[in-house]
Amino acid sequence: MKSVLKGFPLSFEVTDYYRLVQPKNVVYCVQNTRDETYYGDQFLPFAKSLGVKDGNGVSRNGLYHFESYDGTHEGHGKITSAEFDSFYAKAFDNWRKLR
């Protein structure tokens with residue numbers, strides 16, 4: 001596994017991939033602040049690598065949108081239906097504007 005990671009680092013490091021390659025897809029990344037591990041270890045570094053310093057905002061190229069929120073529940077994968085519906089609607093509206 002280490003040789004695969006070493007041979008194809010951008011395939012496994014999303015932060016580096018988006019920072020270096022800057023693909024032209026649209027990203028709408030949402031993270032619950034009450035999921036402390038993912039918020040601090042993955043979401044914020046990803047957002048910061050694309051110029052979104054506090055985890056809320058849009059990258060310089062306008063394609064990568066980040067939103068953090070105080071979720072109803074603590075932990076990973078515990079989004080409510082209402083929260084999901086709200087973020088899905090925002091992401092879809094954003095995609096429509098950019099296409």
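Everything numeric here is computed off the predicted structure, so don't read it as measured data.
- The shortest side-chain heavy-atom distance between His65 and Leu98 falls under the 4.5 Å cut-off.
- Counting all heavy atoms, side chain and backbone alike, Ala47 lies closest to Gly55 at CB-CA, 4.1 Å.
- The closest side-chain heavy-atom distance from Arg99 to Trp95 is below 4.5 Å.
- With sequence neighbours excluded, the residues satisfying side chain to side chain contact (heavy atoms under 4.5 Å, CB included) with Tyr69 are Val30, Asn32, Ile79, Glu83, Phe87.
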Give the C-alpha distance, both sets of side-chain angles, the deciding distance and a yes or no for side chain to side chain contact (heavy atoms under 4.5 Å, CB included) between Phe43 and Phe66. CA-CA 9 Å; Phe43 178 79; Phe66 293 88; 3.8 Å; yes
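- In terms of heavy atoms, Pro45 sits closest to Thr15 at O-CG2, 3.8 Å.
- For the atom pair CD (Gln22) and CG (Leu50), the distance works out to 7.0 Å, reported to the nearest 0.5 Å.
- Aromatic ring orientation, Tyr88 versus Phe84: parallel (interplanar angle below 30°, classes split at 30° and 60°).
- No single ILVMFWY cluster, assembled from side-chain heavy atoms under 4.5 Å apart, contains both Val58 and Leu44.
- The side-chain hydrogen bond (donor to acceptor under 3.5 Å, both in side chains) search around Lys90 returns Glu67, not counting sequence neighbours.
- Legend: residues meeting side chain to side chain contact (heavy atoms under 4.5 Å, CB included) with Thr33, ordered by chain and number and at least two apart, are Tyr39, Ser68, Asp70.
- Applying the side-chain hydrogen bond (donor to acceptor under 3.5 Å, both in side chains) criterion to Asp85, with sequence neighbours excluded, gives no partner residue.
- Contacts of Asp41 classified as side-chain hydrogen bond (donor to acceptor under 3.5 Å, both in side chains), with partners at least two apart in sequence or in another chain: none.
- Sequence neighbours left out, not one pair with a member in residues 46-58 passes salt bridge (Lys or Arg N to Asp or Glu O under 4.0 Å).
- Applying the salt bridge (Lys or Arg N to Asp or Glu O under 4.0 Å) definition to pairs two or more places apart or across chains, those involving residues 19-36 are Asp16-Arg19, Arg34-Glu74.
- Listed by chain and residue number, nothing satisfies the ring pair (Phe, Tyr, Trp, His ring centres under 6.0 Å) test with His73 (two or more places apart in sequence, or in another chain).
- Under the side-chain hydrogen bond (donor to acceptor under 3.5 Å, both in side chains) criterion, Arg60 pairs with no residue, sequence neighbours left out.
- Residues satisfying the side chain to side chain contact (heavy atoms under 4.5 Å, CB included) criterion with Asn25, sequence neighbours excluded, are Tyr18, Pro23, Val27, Tyr64.
- Both Tyr17 and Val52 belong to a single network of hydrophobic side chains, linked directly or stepwise wherever heavy atoms of I, L, V, M, F, W or Y lie under 4.5 Å apart.
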